[in-house]
Structure formats: C-alpha cells, structure tokens
Asks: 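One structure coming up, written as structure tokens, with questions to follow.
Just so it is clear: chains get the letters A, B, ... in the order the sequence lines come, proteins before strands, and each one is counted from 1.
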Amino acid sequence: MQTFSGFNLLRRALGGHKGWQPQWRTPEPKAEYDVIIVGAGGHGLACAYYLAKEHGISNVAVIERGWLGGGNTGRNTTIVRSNYLFDESAALYEHAVKLWEGLSADLNYNVMYSARGVLMLAHNHHDVQSFKRHVHSNRLNGVDNEWLSAEECKAFCPPLNISSMRYPILGGALQRRGGTARHDAVAWGFARAADSRGVDIIQNCEVTGIRRGPSGAVEGVETSKGFIGAKKIGVSAAGHTSVVMAMAGVRMPLESFPLQALVSEPVKPAFPTVVMSNTIHAYISQSDKGEMVIGAGTDAYTSYSQRGALHITTHTLDAICELVPQFRRLRMLRNWGGIVDVTPDRSPIIAKTPVPGLYVNCGWGTGGFKATPGSGHVFAHTIARDEPHPINAPFTIERFRDGFLIDEAAAAAVAH
Amino acid sequence: MSDLLFPLTALAATASDLPAARLSALPPATRLVFRGRESAVGPAGIAFGAELPRQACRFKRSGDRLAAWLGPDEWLLIAEDADPAALIAEIEPAVFGLPHALVDVSSRSLGIALEGPRAAYVLNQGCPLDLSEAAFPVGMVTRTVFGKAEIVLLRETPERFRLDVWRSFAPYVWGLLEEARRELA
Amino acid sequence: MLIISCPWCGERPEIEFVYGGEAHIARPADPSALSDQEWADFLYNRTNPKGTHAERWRHIHGCGRFFNAVRDTVSDFFVATYKPGEPRPDLSQDDAK
Amino acid sequence: MSGSFRTPSGGRIDRAAPLAFRFDGTTYGGYAGDTLASALLANGVHLLGRSFKYHRPRGLLSAGSDEPNALVEVKRDAARVTPNLRATQVELYEGLDAASQNRWPSLARDAGAVNDLFAPFLPAGFYYKTFMWPAGAWKRFYEPKIRAMAGLGKAPTLPDPDRYTQNYAHCDVLVIGAGPAGIAAALAAAATSARVILVDEQAELGGSLLAAPDATVDTKPATEWLADALAELTAAGVVLMPRTTAFGYFPHNMIALAERVTDHLAAPGPDLPRERLWQVRAGEVVLATGALERPLVFPENDRPGILLADSARIYLTRYGVKPGERAVIFTAGDSGYRTALDLAAGGVAIAAIADLRAAPEGEWPARALAAGIDVRPSTVVTGTSGRLRVNGVHLAKVKNGKAGLNEPVACDTVLMSGGWTPSVHLFSQSRGKLAWDETLGAYLPGQSVERERSAGACRGRYGLAAALADGYHAGEEAAAAALKGAKSPTRSTVASRAFGVVATETGTDGFIGATPHGRNPAFAKAFVDWQNDVTAKDITLATREGFRSIEHVKRYTTTGMATDQGKTSNMNALGIVSEALGTSVPKIGLTTFRPPFTPTTFGIFAGIARGDLFDPVRVTPIHGWAEARGAVFEPVSLWKRALYFPNRGEDMHAAVARECKAVRTGVGIFDASTLGKIEVVGADAAEFMNRIYTNAWTKLAPGRLRYGVMLREDGFVMDDGVVGRLAPDRFHVTTTTGGAARVLAHMEDYLQTEWPDLDVWLTSTTEQWAVIAVQGPKSREVLASLVEGIDLSKGAMPNMSVAEGRIAGVPTRLFRLSFAGELGFEVNVPAAHGRAVWEAIFKAGEPFGITPYGTETMHVLRAEKGYIIVGQETDGTAGPDDVNLGWAVGKNKKDFVGKRSLNRAAFFMPDRKQLVGLLTRDPKVVLEEGAQLVADPGAAVPVPMLGHVTSAYMSATLGRSIALAMVKGGRSRIGRTLHVPMPKGAIAVGVVDPVFYDAEGARLDV
C-alpha cells in the first residue's frame, strides 16, 4: 500500500501525480473464500478489514451490487456520537468512537473525524429528564456527555435560536467527542486498507442466492458473476437485509424505510457543531465544504425507492428554520434518499443466525454511520470466532423472541 | 357569561375584512356523532330530520339540520338551534336496540366560514385537496388536513366553505387562514 | 406525496393517511397456544419485500378506515387498494402504475 | 447611463427605464429588463467572482441557471441578505446592491489566490492523503483552516423577516418550460377543456424565441408570434407562471415549483410572500426544459471573458450587450457560427472561429466565410492568457488527435460551444430511464415511469421548427391522456396545428470530454467543473487511483457537486472518464439527478410554519383564566398547560409548596382538560374494553370508575387512565394527555381490523369535555352548592364513582376520584362552558380558600401517593408488574392485548427494574430526575448501574424530599441503602415502598 502523507503528496506533485496507484484492485472473484461479506458499505468493508487485520482471515471477498460505499455510507448525515442510554448501546457506540479517534492513522486515510461536539436539544420537561438520565448514565459508563443550560447551548452554538420559538430550548446534552466524519472517505479508507491485506472487493456483482448444503450450512453465494463458494457468509446489506436473508430462508424482524437528507449551498463557517432535536425532528451540521447537512426521521412507509416525500422535507426544514431562523435564506442544493432497515426496538442486530455459517449485521435504522468501525470490528469477531464479541452479545435476533429489547427510542418516548 | 366560542372570540373580532375571502366564526351549534351499522342509519336520519347520506363525502341539509358523511359508519350531525340532550332524546328512541353509538360533541369543535372568490385559493395554502368545483362540488364534505391540523371541510356554495375544527386547534387554523389571506389585501 | 386510493373516498394525498405495516397478519385467535417463536413471528417478523407488498393504510384524516393496498416498494406505485377482510387480489400481471 | 458595451439599439430591455445599482460598492447603470449579469457586462465588468478552491478570478460563463461562476450576494437590508445568487438570474431593480464573494480583501486582489500557486499540491482528494499527523492536528489546525477557505458566500446572520407561502394546485396538464416546445404544448392543451399550467424559470416566457432575431413563425417575427401565443394562452385560461422553477419531480406526478414573487421588485409590499412553494398534482406533465450549451474543456478555459457562445449571443440579442470587442470562437458545432455572425452583426470583431471539426459543412460555415470570418477547421484553443480578463488565446491545428504548433491570437472574449446537452434533470428525477443516443452524443429520455412526456430540445429535437411541432404534439397527447375518462372536451375539438417556421437550424454536432492541447497534461488546468475547480487532470487522476464508477469520480473529485449541480460539467466529466478508462460513455453511466433542479430557498419549504404557526398551540377553555392569573405554562405535546400559579414574589418551589398544602388541607382546583377522552359505545363495549385493557370490565357497574392499564401487544405499558361506566353499553375512557391520539388509533386498529364483528364505536371526546379537578378535604363542600341532581355524600358517591347531573346550570359528568389521594372530584362539563363552570367553582370555593394549582403540584401530590405517570416512571420498557400494576392485570382473562408477551423469558428475570420509593439521608436534598442508582459509589468505570430516579420532589406535606425510581430487583431492595453518584459526590438513599402518604387510603374514604 502506498503511504499517504504530506511528504508523499509533495513528492508526487512534482511528477504531476502520475505515480499514484489504484487505491484498491478490481479483481475477478475466486472460486471460494473463507468468508464472503455481502455489501461493500462502511460496515462490510470494516468487517473485512478487521477480519484480515485482527483475525488473520484475509481470504475474504466483499461483494457489492453497485459501487463500494454507494449505499447508506455515502448517503447519510455523517454524525458520530456514543451518548446512548442503555449499557449495551453505550458500549457498542463508544467502542466505535474509540476506533474513530484513531481511524485516520490506522487506515492511513484521512477520514476527517471531526470531534466538534453533538448537542441534543431539550424542548420540554420530558426531554430534560430524559437527557439528564442519559448524561448520568453516560458518565458512569465512561462516555462523555454533559448537560448545558439553554444559555450554555447558545454560547456553544451561537447561531441557535433558543427562546423566540414555538418550543423554546430548555437545555441540551452535549457530547464533545461526538462530531462528524467524511462518509465517503470511511468507505474508501477501509476498502484500501482491506484490499492491501488481500481482501477482494468485487463491485457490480449482485448476490442472487445463498446456497445451503444438506446440513443446512451455507456453501456460497449465487451472483451475477456466477457461484462463489464460502465457508462463512456475513450479510451487511443495510436496507436490503431482508431481501438477502430471504435467499437463505430467514425471515427478519426488519422493515426498510426511506431516509432523506439534504444539503444547502456551501457557505463560510456559520455553524460550529452538530445539533439534533428529537422533539422537532431535525438535525444539522456544517460540512468542511461549507454545506449545511440536514436530516430528519424516516418516511412513514416501507420502500426501496431511495427517495422520499416532499412533505417530509418541508417538515425538516420548518424545524431547521425554527432553530436557526437566519438560515431561511439559505438554499437547498441537494436532497436524496437512502434505505434504512429498522428493527422493532430500533437497535441493530449483529449476530449469528439460525443458519450455520450465516451471520448478519443489520437494523441500524437512521444511526448506522456512527457505528461503522465498531460494528465492523465486532462483526468480524463474531464471524471469525463463530461467537459474538461481548459488546455485541446482547444484539441477537433472539432478543425479540425472549423480550430482551434494547429500546432506546422507547426510552426517550413522548411525554405524558 | 360563557365565552362559547373561546378561543376564537378575540381572533374573530379582529379579522381583516377581505371580500376576496371573508373569514368568520360561526355561532355555536349542536353536533352529534352518529356511528352504527346499516340497520340504524335510516331510522337515525328520519329522527334527526335530515337523511344520513350513504354516498361517501357528501352532506345533506334539511332546514337547520345537516348530516355529513364522514366515514362508512360515521356521520356528523349538526343542528343550529337545538339542545344536545333534547336532540339525543329525539334520536335514541328511533334507534333503540339497533347497533349504533350516538355521542354529543357539540363543544368539541368550532365552525369557521370562508367565503369569497379566492376562498379555495386560501384553503389550498394548507389543504392538499383539489378544490375545483369538479373535484370538490357543492355538497361535498370530508375530513382532511389544513397545515398541521385536521379539519372537516364542507362546500356550501361555489364560493363558501365551512370548516369544523377541534376547539383547541381553532386558533391555529384561524391564524393560518389569516396568513394565507394576507396577500389578498 | 403519494396518491392513495381510499376504497371509500377515492384518490387522496398521502398526508391524509397513516401507514399501518404489513397486511394479512391476523392476530392469532389464541395467543397462549403459541410458542415464543411463533408469537415473535407474529409480533416482529416481516416480509419486507423489494417489489409488491401487501400493506395496511388508514385514512385517518379522511373516513378513518383501515384498508389494504398492494404497492410496489421499488416504484412506490400502487397496484390495488381493497377493503379489510377482502383477500389480497391476484395480480399475475404486474402493471403497477 | 448606458455602459460602454451596450449596443445602440436592440434587445428586450427598456431603454426608457434606466436603473442605478451597486456592485462591490461601485454604482453602475443598467435598464429595466437587465439581469445583474447583463448590466455588469454592459459596463465592461467581467470579473464577478472567485472559484471555490484555487480562488481563480472568474467571470460569467452562461446567461442562465446553469451559471457556476458569477455567484453574488444581494443585500436589501441587514436581515435580507442572500448569498450565492447567480448574477444571471438576478433581475435588476433600482438600488440593487450586490457584492462578490469568496474573496478578501477585494475581488481583484484576493489573498486566497495564493492557493492557485499551490494547486500542484492540491489535486483531487489531496485532503484524504494528508493532514493526519500529528494526531489531533486535524481537529485543532487543519480542519479550521480548510473550513475557513471553503464555502462561497456568507450565511445570513439575522432572522429572515420575509414571508414564504405554500400552495397546493391541481391541473390536467403541467407544461414545464416556456420555450417554443412548451408554448406549443400549452397551446395544444389549451385547445381542449384541460386545466393547463405553464411555468418557466425566467422572468419572461419564451425561451429561445426571445433570442431568435432572424426567425419567423407563421410569417411573424419570433417575438411577435410569441406575444400572440401568450395572449392566446391567457385568453384560454392557461395559468402562466414566469419566475417559477420546477425544481422537483416527486412520486405520482407531484411537481414542486418555486415561484419568486418579489425578488425582482425594488419595493415589495409587506403582504406579498418573497417566494411561494407550489405543490402541483398534474394529470400529465410535458417536460419542455430545453438543452444546455456545453463548454469545452481546454487549458485555462476559466478566465473572465470566456463564455458559452450561445450565452454571449443571448446577451447581445436580449440585452443589447456585447461580451467584448474582439472575440475568438471555439466550437464543436454550428452554434459557435451563429454566435459569431450575430455578434459580428452587432459590431463585435471576430478574430477567428476555431472549429474542432475537420470539415465543417453546411449553411453556417458558408455564411461565416461569406462574412469574411477567419474559419479554422481542426483547430483547438490550447491555452489562454490574461489575469483578470482574457487577453489572448493560442490556437493550434489538430492532426491525428494531437495539437500542433501554437499561434497566439489576441482577443478580449472567447466564446465556446461544445454542443448541447438535453436537460433531462426532471425526467430523471421522475425515475424515467435515460437512453444514450449515439448520433446526438447525448442522454435522452427513454422509458417513462410517471405520466409525463418530453418535448423539444430536452429530448434532442433541436431547432425551432422541430421544437414547435414536437411540443404541439406532446401537448395534444398530454391533454388527451389527462382527459381520458373525463367528460368530452367542451371547447374546440383537438386538431393538429402546423407552424410555418423560417429559421436556420444549427445541427447536432458536439464534443464531449477534454480537447487536445499538446501540453503536459499533468500541469495544464483545463476546467471541467468551474465552481469546484475540478480539472481534466483531476478526473484522470481519480480513474488512475481506481475510482472507476462515475459516482466515485464525482465524489472523489467533487465534479458536478457545485451549486450548478453539474449542469455544465457532467457530460464532459463523463467523456474524460470514458477516454481514461477506454470504456464507452453509456457503459459508464450517469450520476443520479437529484432535486432540486436549482438551489431552492429553505424558507419556502418552511412556509408560514414559524413561531405559533410552527405547530398548533392547543389551549384549554380555561387557559385565559390561568393566563390572567399569572400562571407559568409548560408545553406538553401540543398543549400549553399551567405549570404553577405563583403569587407575587414566589418562585416555583414556594408556589408548589403552597399549592400542595392547599390540596392536602383545604381545596385546590386544577385544569385537567387536556386529558384524552374517548367515548366507547355499543352493545359489545365491555367485551372490547376487556380485550384492550389488562383489567376486567364486565363486572364494573354503571356509575363506577376504574383505573385501567393498557399494554402494547409486546407487553409494555402503553397508557393508563380512569374509565367510567355510564351505562351497560357506554364507557367514558380517559387517557394521558400525550397518549390521546395514539390510544384512539390503537383502539381503532384492533376494532376495525381484528374485531370488526364487535358492535362498538369509538368517538374522541377529548375536546368535548373540559375537566376541572377539585381536590382536597373541602372539595365536597365547594361543589355542594353548585350541583343539581347529584348526591355528593359518601354513601351515594363513594370514591371511584361517576354521576350525571348539572353543575352551575350546565350538564356534567361528575367523577369522584383523586390523583392526589384526597377527597376529590373531576368535573366534566362541555368545553364551551368550561371557563364559566371553572369560575363558578372558584367563586364558590373562595370562602374555603380554593387554590388553583398546576401540573407541577399535581405531579408532587401523585408522587406522594406513589401513583405513576406513564412516560415518566415507565419508558416503554416497563411491564405492568414492574410499576406495581400487577393488581390491574386480570389474571383470569384468557386474552388481552399484550398478555401473551408477558409470558416471555425477559419478564421473569429477577433483575427487572421495579418501581420503588427513595428517601435521601438528608431530607433537604432533592434528587435529580434521571440520576442513576448504584450499589457501590466507589466502583470503577463502567460503574454497574441498578436503575434511575424517575421522579423527585420536595414534599411540603411530608416536610422532606421524596423520589420514585425504577431499580433492578427493586422490591427486594426495600429497606436497603443505595447511592446516587453525582459529579460532586454520591448521595445515599434508602429504598422504600413507593407510597409515601396515606398508604392505607383513609383520606380517600371520606
């Protein structure tokens, strides 16, 4: 792998940048792999990388229907945080944040992890209680999260409107280590690092079937490039998980919803942090390029159309314009949709499945990007050892059968 | 003295006079929700004094009685000058033993009238329906949305609409209508 | 904003409706007779197909009725809407538009 | 006040209406009908901006919405500042104040231009390869520097005072684009009974008809024909909407339009919205969006003075403005010739026409030669010179794909034409499939998905005659399709109409990619995406680094991601990728077109949803009284509820202590009107209640109340409330304030879809009833004087009973119950009378010291009694037993919603969180709600947590603090000590039974 550094950039510049090699190969699939990962998004590529790096399993293929990083990895609002309420979630997302903090160096790829803080706003008494519960729980779990008064919110993020609005801000929970990262670079960085360790990334190759042997265990995948054998298969297909798992005869507790996001035209730095408001359903940050990156909740109905309704966008932007009324004159540059799969408790599944040799990583809903390195890391462990890492042990499929839900959303439920 | 139109009273007193779309609060009325199975519908209409329309999204008026189809087993009955208890007492015996529910909702909502050549234009600033006369003729009624509120919308004449709005949502709907009318000044 | 054909009110805009999830998942007559896995299947597992999907909608800001629809989840075009209790229509030819 | 580049006559500007405007502080003159771009050009101002990355000086590239360079800030006043507006779309008005962006200290001397020197070190994606060392430097140093450099204009800093409105509209045929194809389509549709809307993004309808000086239609000059056609459309009732951009094509033929209402006015009225969002539901859509001229990618093609050829022609013919005095034309087709000839006629010297084609043929080259213009086939521009304005080019012959010797040619403007790219943005947004047309070298609309059709140049039908014919045909078809099944057309019958057009067409030749230049490709800056400073070599670098998908190339280089959304750059980028990979263009594919077509103001999406109209503000009938009394309110879902009623000088603590005391010792009055209410009526009402609630209802006698608990099907507590049985077939159900709509929907769902056989109906009565809680030992005495027909005595009306009668002359459903644990009543009266009854009760209570209280006191009082609040003690993860409601679960019931789920493993775990009370060692310390409980406050992080404080108050009644908590295995910990670790140290608490006051319920039994 060519080293990326300022020195090498200077050196290659003198040669007109002719010396740069491809960041990853474009291999044809081999007949068989030890592990096949279905889906070359951030999670799948990270899993392949950690399989090779930490478990010595490099005979791995990542199979991607389209182009790597082209799904939710390249369509999200890039927020990273770990201030989750329940121990299980906090451990998982904090694991990810710790990896984020060293990721650029680890991958030798600047993923621009920017710990500019994530501020979650409270607009009513219930929000205050809920966020304080988060703050206390996080502190005891070793996750940074602090309570700010409304005035402190304003001081931390001066563009915010805190008072002259329908739901005045009563305070907020700030995770200073939270922030954003450059989403495409995460996929590319993992792809390059995985490729350099021998992982085959096979793009434009659609999985059309999962072959199971007489014992029921997986034998490989049927693809648009033919059959590819595999001892183990990890499904990391985001919105399409139900479709892929159905190929192995597994019904999932998942529904796939459109999730929209949008950016404004680029402007000079005007918004210093990430602000989220669950009560009025919007979140906003400013990218390094200067665009305001804005998102909200999912559309109401399941869909694979990768687009959503205009009325969702209007509600998102009326909320943003309440929070930051001076942004009314900014203009939307791009609006797009992704497909997110959502579990009944809105927490992910990273687990073995009833099918031997088949593993699944799904159900991240609207929050998968932030978990990318942590998710890939524990998923690799689960596949390599055929047993979960302690961090993802609670995130089974069976938790629904047995009632052990990890329901962060319900815990932040609407007020009395 | 009861302020029967609260919280619209003060707003209605200061409504700007725009003939293109005149806005007014309607006087209090008796409102009943009638729900039930087919066998009870006919008798209920006879007792009420206005037939309960079977055609979807239509209302029938007879004198001061108005019966509006809201759903396949749901009608809103409006009587301008009647005591709710007395009206219930007139209807219940006619449907005694027949599967139905009759509930007094007289206080639940307030009536708003919007009238004028630009009434449909004003409504379309919050209501997503096609309000052309071909698509929403006189005699049509439906629940629908207006901005972020639900309303019952009736077309009484080509240029006159009646809105029935849950009481606590009335200031919001009124405020939205006033904003929508502003450009007509 | 989709146009949805309510079986009672006709074509109406999406914002008058709420989505009700997958259709034809009847609540078991005797839940206590079910194993935990069977109950979990009823409660949580969903087909979530990429393609035609039978689903429930409620015309909540209209006639208030629940009804069923078949929609192509790739194009978001409806193939049919029908009243509850009616069987899923046979749609051998796929002309979702 | 005519600028030096204004022609003496011609154009569509109003020379009788001169206007003064400012740009970067300098005052210039223009005319009504000018854009800011044309007016500046008329004044010889070409330098209008700086590029994003290298801060290179930039001028106009185009005359329309595809403009990537000339982005300006327009300022009306301190609060009305709009960044990033295209000068090409800003209409001039008297006093317009515009400024350039992304430069410091001035446009001509911009410090950021130093970046251009470092350009060799800043290739595509350079930032992914560096700034990683030392650790932490990215956040502290590099990122702030990069962020400060990035971005174009400045975001406004004051709240926008302008209004924005939204309209829904419906039509049979929506025609998008009012060029010749669109006008013809509208004419055809207007000849039927169809409702037609015609929109165009420009200030004036007409498109290319406005710049066709030589063309005639039906023997009339193009502009005259246009005026007649518009008059015909108006007469036919067609809605004509100029300044309206169709920016989004949403499912089921929902088209979003942005109408700019006042930006072009010098003094807009305060009642007009600045912009309107139109959400148009169209039966059929005709896309007549035209085509965009493509730039050519050659070294230093970005200097001010280098324009698209047809744009230059538009400046001349529509605005009477010359782009320069001496032009070099660089063209891949006939368009460059047309520009050359029109400009020559307008007095611009044409230094040369460099034509990429080896053997240009046809009428246009012939006419150029006849006009004495130096036409050079097989010739390219290999470089340009000039600092803030182009002052010369190098031309070279191309042989075997290679550029030969350079010849310098002086000029002050370069006009380029790479051919035309059909505008398929909206078609693509509609999910229509694009098809590559090899002959035209363009993507054209293929298979449609929505009910739309394209017409004219946007589907490759170039030229006036073709556009008119194609447009008319599309309009006829659209109207027929839209009206199919409707009543037969009432106006004239549909008949084809032919247009007699005399115009010279410009053919279909063009070029995609980078032109040959013979220079070191590693160092030549041939721009593909002007605004984002993406050059041809950036794109080849990306392909060399393995970015082979066009989406990867786009994201790695940022080509096509500027505010012009790739309108000028996408096809050329594709051509360069195609050449670099040796793959044909259609095999590479296209990036996805996403809304909006052009950047669209946030304000129109928000519309009038701001302040009190952001969400409905729901108030109870008693709100006015509370407001007058000085209550402090809190938002609870959409409602505003009185939190407490301070006396003069009281803080919340004091007020709540006083209010609590009043209820415990005298009488208090509380507005509970926001409680959800549902009337459940029908012969099967009790059976329905049995199925929905955990409780058993069959034996509840009419006239009695019962506290009901409702689960979700997954077994978790969903809602609770007191239910009254008024008659065997009638229940008055109450729900939590926030749960009202959710509970009704939940009930309707089961009733309609699972149990349609039950004879029972639900009606929301939340707003029918005002609810006045009169609570405290003296409540009976207060009400006694007001009720008629109700015996309030203990024997006649015990706790948890309901009676109907009248109060203060108004019909009431009088509940005897208490959420405070006292003798108490909830007076339900029709909402219209709520205020009057409240006032009557208050008056009657004054001799008893009746005290109004708010939600905070209500919370304290119920907590003293250990009553839960769903959503506070429960959080969606609690089962009924967890919150001590096991008693409310009908053990003998075979089934109810949620019952089966309670029989799962998780509900039998010994460490389930259970509701308990907490008493701090120090009675003055009030715990913080949300604080965690631990066994060992000294444990290392992560500290094992046992639960959390759900409610905590100072209890005036008990003279100490109390708290409720959900604690793992809580009931078994009663009597033990736990700790609440706070940042300043742990607080020891004793775990106790959650009922703090009157555990035996004696106070209710009076």
Asks: Looking at every heavy atom in both F78(C) and L2(C), which two are closest together, and how far apart are they?
Replies: CE1-CD1, 4.0 Å
Asks: Let me see the donor-acceptor pairs closer than 3.5 Å between chain A and chain C, or none if nothing turns up.
Replies:
residue : atom : partner : partner atom : Å
H240(A) : NE2  : K50(C)  : NZ           : 2.7
S242(A) : OG   : N48(C)  : ND2          : 2.7
R251(A) : NH1  : T47(C)  : OG1          : 3.0
R251(A) : NH2  : N45(C)  : O            : 3.2
M252(A) : O    : R46(C)  : N            : 3.1
S256(A) : N    : N48(C)  : OD1          : 3.0
S256(A) : OG   : N48(C)  : ND2          : 3.0
T302(A) : O    : R71(C)  : NH1          : 3.0
T302(A) : O    : R71(C)  : NH2          : 2.5
T302(A) : OG1  : Y19(C)  : OH           : 3.1
T302(A) : OG1  : R71(C)  : NH2          : 3.4
S303(A) : OG   : T73(C)  : O            : 3.2
S303(A) : OG   : D76(C)  : OD1          : 2.8
S303(A) : OG   : D76(C)  : OD2          : 3.3
Y304(A) : N    : T73(C)  : O            : 2.6
Y304(A) : OH   : N48(C)  : O            : 2.7
Y304(A) : OH   : N48(C)  : ND2          : 3.4
S305(A) : N    : T73(C)  : O            : 3.4
S305(A) : OG   : D76(C)  : OD2          : 2.9

Asks: Can you name the closest pair of heavy atoms from S375(A) and N361(A) and give their distance?
Replies: OG-ND2, 2.8 Å
Asks: Mind running side chain to side chain contact (heavy atoms under 4.5 Å, CB included) on H43(A) and F379(A) for me, showing each step along the way?
Replies: CA-CA 9 Å; H43(A) 289 234; F379(A) 194 38; over 6 Å; no
Asks: Can you sort out the partners of F395(A) under ring pair (Phe, Tyr, Trp, His ring centres under 6.0 Å), two or more places apart, ordered by chain and number?
Replies: none
Asks: With a 4.5 Å limit on heavy-atom distance, are the side chains of V355(A) and R212(A) in contact?
Replies: yes
Asks: Heavy-atom distance under 4.5 Å between the side chains of K352(A) and D386(A), does that happen here?
Replies: yes
Asks: Pick one of side chain, backbone, both or neither for L43(C), based on which atoms fall under 4.5 Å of a heavy atom in chain A.
Replies: neither
